[in-house]
Number of protein chains: 2
Amino acid sequence: MPGTETTRPLSSSIGDYLKAIWTIAGTGSASTKEVSGHLSVAPASVTNMLGRLQEMGLVRYERYRGASLTGRGREEALRLVRRHRLIESFLLGHLGYSWQEVHDEAERLEHAVSDEFTERLAELLGHPAHDPHGDPIPAADGTLEPDDSLPLGEAGVGGRVRISKVSDESTPVLDYLGERGLVPGRLLTVREVRSLDGVVTVEDEGGETHALGEPLARAVFVREEAAG
Amino acid sequence: MPGTETTRPLSSSIGDYLKAIWTIAGTGSASTKEVSGHLSVAPASVTNMLGRLQEMGLVRYERYRGASLTGRGREEALRLVRRHRLIESFLLGHLGYSWQEVHDEAERLEHAVSDEFTERLAELLGHPAHDPHGDPIPAADGTLEPDDSLPLGEAGVGGRVRISKVSDESTPVLDYLGERGLVPGRLLTVREVRSLDGVVTVEDEGGETHALGEPLARAVFVREEAAG
DNA sequence: ACAAAAATTTAGGTCTAGCTAATAATGAGT
DNA sequence: ACTCATTATTAGCTAGACCTAAATTTTTGT
Ligand SMILES: [Mn+2]
Ligand SMILES: [Mn+2]
Ligand SMILES: [Mn+2]
Ligand SMILES: [Mn+2]
């Protein structure tokens with residue numbers, strides 16, 4: 001009876017690799033170096049793991065060419081992303097975590113909770129569509145809302161924009177933005193985008209002006225707002 | 001500068017061994033066989049792990065004589081037990097898990113949550129003193145309420161007793177007891193304790209009579225109730 | 001077209017946590 | 001005191017997931 005092999009749960013390392021590839025490349029392909037940097041794991045270790053993931057049918061991998069997710073790999077990555085984002089929402093909404101603290105805890109818990117737990121948690125939270133950073137939460141069936149938001153630096157000068165999400169990659173960046181109220185939902189007017197150094201100047205609803213250097217500006221994503 | 005070695009977190013295997021020894025032997029000593037049975041790990045593997053735990057200063061271990069927890073070992077075991085029981089309470093009270101389902105989920109989550117998470121969860125739950133099975137929850141400082149309850153089989157015939165806890169070791173046992181309402185808080189009258197086969201017969205508040213064989217009777221713990 | 005730089009892979013480890021099979025110690029019963 | 005069943009330990013292996021150093025491939029800049 002082929003196809004009946006009992007598929008025991010994937011390790012948390014494997015899950016993190018799949019998530020990393022998904023984050024870096026989405027449907028495209030991620031290089032050894034990129035994955036290595038993302039996970040803080042030596043390049044040699046990444047090479048080795050990509051080989052294993054390929055054996056398992058989770059990625060397509062070509063030596064020296066990088067790896068891309070197969071259907072199964074992507075499915076698993078999105079399952080984890082769903083868990084991660086629901087857990088973040090819970091930590092923030094029910095346990096009083098600060099906006100900045102949630103990520104690390106979710107990074108561990110995502111591997112320990114069951115599907116049962118995840119769906120009951122989603123229920124408790126009222127099936128939110130976005131996590132606290134503004135990232136969309138994949139549906140239980142693996143569907144993910146297409147993301148039409150753009151980096152702040154690409155917004156048109158003079159336009160009114162609403163922050164749709166903030167990158168959760170760097171804690172210091174998150175801290176800085178959080179302290180100044182530059183969080184999802186906030187309405188901004190773009191005053192200047194200086195191509196010379198990438199500094200973007202915005203004005204918030206309170207009339208406060210913020211000059212954001214490239215690394216900060218790249219962490220803020222917005223949607224154009226109907227002129228008001 | 002001695003004593004400054006950064007102590008990285010203990011693995012979940014290590015935690016489960018410490019908990020097992022604590023459960024089996026409390027302050028006394030647990031044999032290789034007992035630990036092996038408790039964790040479903042081969043005896044040879046247990047021997048090996050007990051050696052490592054000894055190296056780490058978590059147990060005292062004498063070849064062929066079994067192992068007992070050191071102060072640090074006991075501390076770590078209780079930290080996990082606290083987490084486990086708080087998580088069980090949460091799953092039952094907030095996520096709608098059934099009384100029987102909670103154990104396995106808690107067994108994994110206990111290793112993934114931080115101290116931060118644990119204490120915030122305790123707060124959310126209102127610092128409960130007991131978990132859903134009636135087991136006392138160790139305090140954050142490592143204190144544990146002494147347990148004065150006795151197995152149902154040792155209660156005096158004719159006496160009124162209240163169920164204080166139910167062993168969470170076996171799911172079928174838990175199912176059986178749960179279905180019949182034999183849960184913590186329930187008031188019972190002991191009708192017969194037959195030493196011949198260990199069967200204990202009790203009558204519940206609704207007048208229902210239950211004859212419990214030894215394995216079931218050993219899973220039910222009670223406290224004598226002031227005669228009423 | 002080619003040399004140097006950058007990225008990647010291979011080779012050869014380590015550590016954890018398990019396993020089986022073989023051997024040895026312990027302790028109960030005669 | 002001895003024998004044998006039980007319990008435990010040792011020896012030798014495996015797999016996962018990492019590492020460093022050395023070799024190789026790819027890419028880039030001239
Ligand atoms: Mn993770
Ligand atoms: Mn997030
Ligand atoms: Mn556990
Ligand atoms: Mn319990």
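In the text below, chain A, chain B and the rest are named by the order of the sequence lines, each starting its count at 1.
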Check your understanding: Rounded to the Å, how far apart are A:Leu10 CG and D:dA17 C1'?
Key -> 15 Å
Review point. Over how many whole Å does the gap from A:Met49 atom CE to C:dT10 atom C1' extend?
Key: 18 Å
Exercise for review: Pick base, sugar-phosphate or nothing for B:Ser13, based on heavy-atom distances below 4.0 Å to the nucleic acid.
Suggested key: sugar-phosphate
Study note, to complete from the structure: To the nearest angstrom, the CZ-P distance between A:Arg8 and C:dG18 comes to 15 Å
Check your understanding: Hey, which of these two, A:Arg52 or B:Leu50, hits DNA chain D nearer its 5' end, going by closest nucleotide?
Key -> B:Leu50
Review point. With a cut-off of 6.0 Å (strictly less than), are more than 12 heavy atoms of other residues, nucleotides or ligands near CD of A:Glu116?
Key: yes
Review point. When the distance from CG of A:Leu53 to P of D:dA15 is rounded to whole Å, what number comes out?
Key: 17 Å
**Study point:** Touch class at under 4.0 angstrom, heavy-atom based, for B:Thr32 against every strand present
**Key:** sugar-phosphate
Review point. Does B:Arg63 place a side-chain N or O at less than 4.0 Å from the phosphate oxygens OP1/OP2 of D:dT10?
Key: yes
Review point. Where do B:Leu18 and B:Ala77 come nearest, in terms of heavy atoms and distance?
Key: O-CB, 3.9 Å
Exercise for review: Could you please name the option among D:dT9, D:dC18, C:dT9 that lies closest to any side-chain atom of A:Val41?
Suggested key: D:dC18
**Study point:** Touch class at under 4.0 angstrom, heavy-atom based, for B:Ser45 against every strand present
**Key:** base
**Study point:** Distance, rounded to the nearest Å, where B:Asn48 contributes CG and D:dA11 contributes P
**Key:** 12 Å
**Study point:** A:His94-B:His94 aromatic ring centre distance below 6.0 Å
**Key:** no
Exercise for review: Could you check how far CD of B:Glu62 sits from P of C:dT26, rounded to whole Å?
Suggested key: 10 Å
Check your understanding: Does a side-chain N or O from B:Ser31 land closer than 4.0 Å to OP1 or OP2 of D:dA8, or not?
Key -> yes
Check your understanding: Taking the six-membered ring for Trp, are the ring centroids of A:Phe90 and B:Phe90 within less than 6.0 Å of each other?
Key -> yes
Practice item. Under 4.0 Å between any heavy atoms, over every strand shown, what does A:Ser40 touch: base, sugar-phosphate, or nothing? Just pick one. Key: sugar-phosphate
Practice item. Round to a whole Å and report the spacing from NZ of B:Lys33 to P of C:dT26. Key: 18 Å
Review point. A:His133 and A:His103: side-chain donor and acceptor closer than 3.5 Å?
Key: no
Point to revise | C:dT16 OP1/OP2 closer than 4.0 Å to side-chain N/O of B:Tyr17 | key: no
Check your understanding: Rounded to whole angstrom units, what separation is found between the OH atom of B:Tyr64 and the P atom of D:dT7?
Key -> 14 Å
Check your understanding: So, is B:Arg65 close to the C:dG27 phosphate, meaning a side-chain N or O under 4.0 Å from OP1 or OP2?
Key -> yes
Review point. How is A:Val46 classified with respect to the nucleic acid when contacts are heavy atoms under 4.0 Å: base, sugar-phosphate, or nothing?
Key: nothing
Review point. Looking at A:Ser11, does any N or O in its side chain come under 4.0 Å of the phosphate oxygens OP1/OP2 on D:dA17?
Key: yes
